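Note that the structure is a prediction, hence the values are computed from the model and not measured. In what follows, chains are A, B, ... by sequence order, proteins preceding strands, each numbered from 1.
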There are 2 protein chains.
Amino acid sequence: MLFTGTHIHKLDRKGRVSVPKRFRAALEPEEFAGIYLYQSHKESALEGCSHSHMERIAASLDELDMFSDEADDLADTILGSSHMLPYDGEGRIILPAELIEFARIEDQVAFVGRGRTFRLWNPDIFKPLQEASRTRTLNRGATLKLKPVSELPKGARPGAPNEEDAS
Amino acid sequence: MLFTGTHIHKLDRKGRVSVPKRFRAALEPEEFAGIYLYQSHKESALEGCSHSHMERIAASLDELDMFSDEADDLADTILGSSHMLPYDGEGRIILPAELIEFARIEDQVAFVGRGRTFRLWNPDIFKPLQEASRTRTLNRGATLKLKPVSELPKGARPGAPNEEDAS
DNA sequence: TCAAATCCCATTGACCCCCATCATTTCCCA
DNA sequence: TGGGAAATGATGGGGGTCAATGGGATTTGA
């Protein structure tokens with residue numbers, strides 16, 4: 001269950017777009033056949049996730065003091081503004097006009113994997129940003145400290161056939 | 001069982017409003033075909049929930065000292081002022097005049113999902129507040145610490161590990 | 001007996017199902 | 001290893017269905 005790679009698909013004139021097969025496969029065992037989308041806080045993009053991830057967010061909010069301002073704000077921003085989008089028979093979703101407008105999407109949509117979640121962009125906006133973050137990363141010489149295998153959840157360990165980044 | 005998204009429906013001149021299909025579906029397995037509403041203690045909104053959630057509130061009140069002022073107040077505000085509203089044949093409820101007035105609802109009602117519960121608003125009042133929530137969340141750099149999957153309630157977990165990926 | 005709540009039916013427009021086509025990729029076999 | 005065939009994913013579009021809404025008729029309860 002990992003979203004990887006960038007996939008560009010077409011938004012048709014009915015407002016539909018195919019969810020990449022790879023992403024659908026990653027979501028396969030979900031009870032709800034579809035995805036959730038909500039507006040990104042920082043970017044002109046849409047955040048996407050699975051039903052169980054949304055359940056996780058809700059459960060985590062339950063942990064915060066039920067009456068705290070912070071929980072309120074997060075509930076309004078994430079749960080209140082999210083869209084539950086079921087697939088049609090061909091694995092497409094309908095992008096609500098509100099989200100199309102927010103992400104300034106025109107006739108193409110880029111699905112960008114981010115591990116447990118993914119993002120939707122107007123490809124023309126995403127591309128330069130991606131280049132920029134790439135060079136920043138290189139200049140910084142950033143390194144990622146990997147978690148020991150022993151701390152990984154079962155099923156995510158090497159040995160079992162692992163998907164490869166479709167870069 | 002998750003309430004998500006914002007759904008704006010019309011209040012007709014008989015005081016009826018359709019409960020969003022998605023919300024009704026989330027409540028499906030409930031014994032009582034309808035919803036509970038009570039006045040929010042912080043906002044000019046109505047809090048909504050299922051029968052079983054109301055049971056949960058009652059149970060939580062039991063835990064508080066039975067004669068404490070706090071328990072008294074909560075019992076009055078929540079249990080005492082809650083309305084049990086059954087659906088009509090088309091999945092609508094009748095919004096009691098008292099609640100319409102409290103939430104300053106006019107001809108439209110926004111159903112806003114908050115995970116285990118939801119809220120009803122006058123859309124014109126809610127919208128700017130939601131915007132404010134967004135910017136606060138952004139400025140605060142709020143991050144939500146996600147609960148480990150292992151602590152999630154049953155049925156909220158991601159599907160069994162995927163042995164094969166459509167390579 | 002009147003008012004309010006519930007039932008019932010009609011309308012409409014958005015959404016979803018279905019199928020047809022096109023473009024790739026994969027597979028198979030020479 | 002190359003070429004062709006088959007499978008699969010992406011795209012386009014028509015039309016039926018159902019959720020949301022409006023309003024009349026009937027029942028209920030004070």
[atom1] of [X] versus [atom2] of [N]: gap in Å, rounded?
X: A:Tyr87; N: D:dT11; atom1: OH; atom2: P; result: 15 Å
X: B:Leu95; N: C:dT6; atom1: CG; atom2: P; result: 13 Å
X: B:Ile93; N: C:dA5; atom1: CD1; atom2: P; result: 13 Å
X: A:Asp12; N: C:dC16; atom1: CG; atom2: P; result: 14 Å
X: B:Lys21; N: D:dT21; atom1: NZ; atom2: P; result: 15 Å
X: A:Asp88; N: D:dA10; atom1: CG; atom2: C1'; result: 11 Å
X: B:His83; N: C:dA5; atom1: NE2; atom2: P; result: 12 Å
X: B:His9; N: D:dC18; atom1: NE2; atom2: C1'; result: 13 Å

Check: B:His7 ring centroid to B:Phe23 ring centroid under 6.0 Å: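 Judged by ring-centre distance (under 6.0 Å), B:His7 and B:Phe23 do meet the cut-off.
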
For B:Ser133, the option from A:Asp72, A:Thr77, A:Asp73 that meets side chain to side chain donor-acceptor pair (under 3.5 Å):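 Testing each of A:Asp72, A:Thr77, A:Asp73 against B:Ser133, the sole residue satisfying side chain to side chain donor-acceptor pair (under 3.5 Å) is A:Asp73.
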
Record whether the side chain of [X] comes under 3.5 Å of the base of [N] through a donor-acceptor pair of N or O atoms.
X: A:Arg16; N: D:dG13; result: yes
X: A:Arg24; N: D:dG9; result: no
X: A:Glu90; N: C:dC19; result: yes
X: A:Lys14; N: D:dG14; result: yes
X: A:Arg22; N: D:dG9; result: no

Donor-acceptor contact below 3.5 Å, side chain B:Arg24 vs main chain B:Val19: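 Yes; at least one donor-acceptor contact below 3.5 Å.
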
Closest listed nucleotide, where the reference is the side chain of B:Ile94 and the choices are C:dA5, D:dG9, D:dT11: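 Within the option list, the nearest is C:dA5.
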
Sugar-phosphate, base or nothing in reach of B:Val19, heavy atoms under 4.0 Å: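 The answer is sugar-phosphate, as B:Val19 gets under 4.0 Å only of primed atoms, P, OP1 or OP2.
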
Touch class at under 4.0 angstrom, heavy-atom based, for A:Arg13 against every strand present: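 If one applies the 4.0 Å heavy-atom cut-off, A:Arg13 turns out to touch the sugar-phosphate alone, with no base involved.
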
Mutual orientation of the aromatic rings belonging to B:Phe111 and B:Phe118 [parallel < 30°, tilted 30-60°, perpendicular > 60°]: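 B:Phe111 and B:Phe118: tilted rings.
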
Aromatic plane relationship, B:Tyr36 with B:His51 - under 30° parallel, 30 to 60° tilted, over 60° perpendicular: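 Correct class here is tilted.
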
Earlier contact from the 5' end, DNA chain D, for A:Ile8 and B:Arg92: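 Its nucleotide being nearer the 5' end, the pick is A:Ile8.
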
Under-4.0 Å side-chain N/O to phosphate OP1/OP2 contact, B:Ser18 with D:dA19: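 Result: no.
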
Presence of A:Lys10 side-chain N/O under 4.0 Å of D:dT11 phosphate oxygens OP1/OP2: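 Answer no for this pair, as no side-chain N or O of A:Lys10 is under 4.0 Å from OP1 or OP2.
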
